[in-house]
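Have a look at the structure below before the remarks.
The figures that follow rest on heavy atoms only: side chains count, while hydrogens, waters and symmetry mates do not.
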Amino acid sequence: MTQPLPPSACSEEQRVAALASHDIGALYNSDALRQITDFAAALCDVPTALVSMVETDRQLFLARTGMAATETPREQSFCAHAMWEKGIMVVPDATRDPRFADNPLVTGELNLRFYAGAPLVSDEGYPLGSLCVLDTRPRPEGLTAFQRQGLEVLAANVLARLRDRREGAARRESEREARQAATDSDLRFRTLADTMPQMVWSTLPDGYHDYYNARWYEFTGAPAGTTDGEGWNGMFHAEDQERAWTVWRHSLASGDPYQIEYRLRHHDGTYRWVLGRALPIRDDRGQITRWFGTCTDIHEQKLALEEREVISQELSHRIKNIFSVIAGLIQFAARAHPEAAGVATDLRQRITALGRAHDFVRPHSPHSRPHLAQDSLQGLLEELFAPYQAVPGERIAVTGGDVTIDDRAATPLALLFHELATNASKYGALSVAGGRVTLAIDRDADEVLLRWSEAGGPDVVAPADITGFGTQLVELSAVRQLGGSVERTWHPQGLEVAMRIPAPAFSRTSST
């Protein structure tokens, strides 16, 4: 049995608070406690037994056997003394005890003479009251050892009931606080969501939409609740519905973030471009418990982007036409000056190569876009080498990995490989039917090695002078514009050119 704290270590406020924490009101007239008082009275052979809780101004009888009164003033309480004892307090004859001789319970109608009370002490040591037995006859012999033991066991049972009530009360209070916290959190979330300029929504783990903020209903004009479940998809443009479903199902199955652009019906009946995004919320086990998403109106940005695309395509198309005009002017001038025909032809071919490179990387419409990715080095090379072979790879084989390129690198690359291919068709491997060229692409983290190897052409002899225009053009492209290095080797079977170029020179994003 827990021993009570000494009065000096236990304030009345602390004791009363401990008593209140046991939710004693819920045990008032409890059948379980009444069974304990009935048994205590029978055990101790007395007419009266009580479970008495000592409050600030009274003692309240939670259960009673043999007494009609439900409470008495605290100043009359025997239990107010018994609860501070370390064991059972026995008063054989109250008329002979100076503490109680003048007590109204002794001198009055109750005619109390014998009292024995087992203290009821909380687990923290706070006295709460006692389980007591009363008699109108003095009992000089007090209680037998068996009766004392039985009363202590019964007192322990009372405390167990009180403890259960306290734990239940604490649990209920915790649940109430949790519910209140959840309500407050939900209110704060809804308040925050309704003040956001974006449309906010959430779904259950299976994708069932069960919440939209005010902005959603304001934007769509849909009556509340009509877009719950799968009703949201009907708000999309008919051409976007299947695509949106496909992306959303993939996110639900994989847990990947959801992101898509689609046209959402506005309350005025028009469709506006919207960016939809969603992320899953997971529990400690990694299981998805909810999806939270937003819809952002991007209609103006989308229209502006499309307008810029149209302008960019038109500008690039005109630049392409300029290349054609310049090539035509060179050809026209060559007719007037036959002595410059060779130079004019070389210049026109270089202009044409630049035009092919520009046409490959320029902005395109969906109908004019090249079949290969426009940021692909291999795609650009296929365009540049097309005039030298009937089908890709027939005479110039490109091996190795691919490299990302952009418009900045396209011009020097076009000049560089046009010069190598032209020289090979005039003097090297491509000048004879059986000759071939291999271009190997090898990339590491910092640079790209481009190895141009000719074979099957005429016997090669290193030229005495390597300062010609073509050589200077290769140097200009590979070294000055791309920041690389060039090494030529004249093998008897064919020319080999090794070019080392820093990876960032190919694209503004190559290093990432």
Side-chain angles (χ1 to χ4, degrees), residues 189-190 193-194 196-283 286-314 362-376 379 402 404 509:
F189 167 75
R190 291 176 181 270
D194 285 343
M196 292 179 64
Q198 293 173 303
M199 292 166 271
V200 179
W201 49 269
S202 70
T203 81
L204 300 177
D206 62 0
Y208 184 92
H209 285 67
D210 62 353
Y211 170 76
Y212 298 91
N213 71 339
R215 175 65 176 143
W216 167 268
Y217 295 111
E218 176 187 330
F219 181 94
T220 62
T226 58
T227 54
D228 288 354
E230 298 179 357
W232 57 273
N233 200 43
M235 303 299 296
F236 295 176
H237 193 285
E239 295 176 0
D240 300 335
Q241 290 181 12
E242 184 58 35
R243 179 170 56 90
W245 261 119
T246 300
V247 175
W248 180 230
R249 289 193 189 102
H250 170 77
S251 293
L252 290 177
S254 65
D256 293 340
Y258 171 75
Q259 179 166 319
I260 188 175
E261 293 180 4
Y262 50 78
R263 287 161 289 182
L264 180 64
R265 188 168 70 237
H266 193 250
H267 63 78
D268 63 7
T270 63
Y271 285 90
R272 295 180 64 84
W273 280 102
V274 167
L275 172 63
R277 287 175 172 168
L279 290 173
I281 304 300
R282 300 178 184 272
D283 59 21
Q287 299 297 313
I288 295 176
T289 60
R290 182 163 283 277
W291 285 84
F292 280 99
T294 60
C295 300
T296 305
D297 187 343
I298 59 170
H299 194 70
E300 279 72 25
Q301 299 94 308
K302 189 78 171 180
L303 294 182
L305 180 61
E306 290 177 353
E307 184 177 347
R308 286 197 298 270
E309 285 285 335
V310 171
I311 294 173
S312 179
Q313 289 176 21
E314 179 62 23
R362 73 177 175 88
H364 282 266
S365 70
H367 302 293
S368 67
R369 185 172 292 113
H371 72 280
L372 292 175
Q374 290 180 261
D375 60 354
S376 163
D402 203 356
T404 300
T509 60

Heavy-atom check, side chain of Met199 versus side chain of Leu264, under 4.5 Å: yes
Nearest heavy-atom pair of Arg290 and Ser202: which atoms, and what distance? NH1-OG, 2.9 Å
State whether a side-chain donor-acceptor pair under 3.5 Å links Asp283 with Thr289. no
Would you please name every residue forming a salt bridge (charged side-chain N to carboxylate O under 4.0 Å, His left out) with Glu261, sequence neighbours left out? Lys302
For Phe236, the ring pair (Phe, Tyr, Trp, His ring centres under 6.0 Å) test, sequence neighbours excluded, returns Trp232, Tyr262
So, using ring pair (Phe, Tyr, Trp, His ring centres under 6.0 Å) as the criterion, who are the partners of His237 when residues are at least two apart? Tyr271
Is it true that a side-chain atom of Asn213 and a backbone atom of Val200 form a donor plus acceptor pair closer than 3.5 Å? yes
Quick check against the 3.5 Å criterion: does His267 have a side-chain atom that pairs as donor or acceptor with the backbone of Thr220? no
Is any side-chain heavy atom of Leu252 closer than 4.5 Å to one of Trp291? yes
Those residues at least two apart in sequence (or on a different chain) that pass salt bridge (charged side-chain N to carboxylate O under 4.0 Å, His left out) with Arg282 are none
Nearest heavy atoms of Pro223 and Tyr217, plus distance in Å: O-CE2, 3.7 Å
Applying side chain to side chain donor-acceptor pair (under 3.5 Å) to Thr246 and not counting sequence neighbours gives none
Partners passing salt bridge (charged side-chain N to carboxylate O under 4.0 Å, His left out) against Arg265 (at least two apart in sequence or in another chain): none
Minimum heavy-atom separation for Asp402 to Ser376, with atom names? OD2-OG, 2.6 Å
Audit row: Thr227, Trp216, side-chain hydrogen bond (donor to acceptor under 3.5 Å, both in side chains) steps and yes/no: CA-CA 10 Å; Thr227 54; Trp216 167 268; 3.2 Å; yes
Sequence neighbours excluded, the answer for ring pair (Phe, Tyr, Trp, His ring centres under 6.0 Å) partners of His266 is Phe219
Could you list all the salt bridge (Lys or Arg N to Asp or Glu O under 4.0 Å) pairs where at least one residue sits in residues 245-254, not counting sequence neighbours? none
Any residue meeting salt bridge (charged side-chain N to carboxylate O under 4.0 Å, His left out) with Asp297, in chain and number order, not counting sequence neighbours: Arg272
Residue list, side chain to side chain donor-acceptor pair (under 3.5 Å) with Glu242, at least two apart or on another chain: none
Sequence neighbours left out, what passes side chain to side chain contact (heavy atoms under 4.5 Å, CB included) with Ser254? Give chain and number order. His250, Asp256
Residue set satisfying side chain to side chain contact (heavy atoms under 4.5 Å, CB included) with Leu279, at least two apart, ordered chain then number -> Pro257
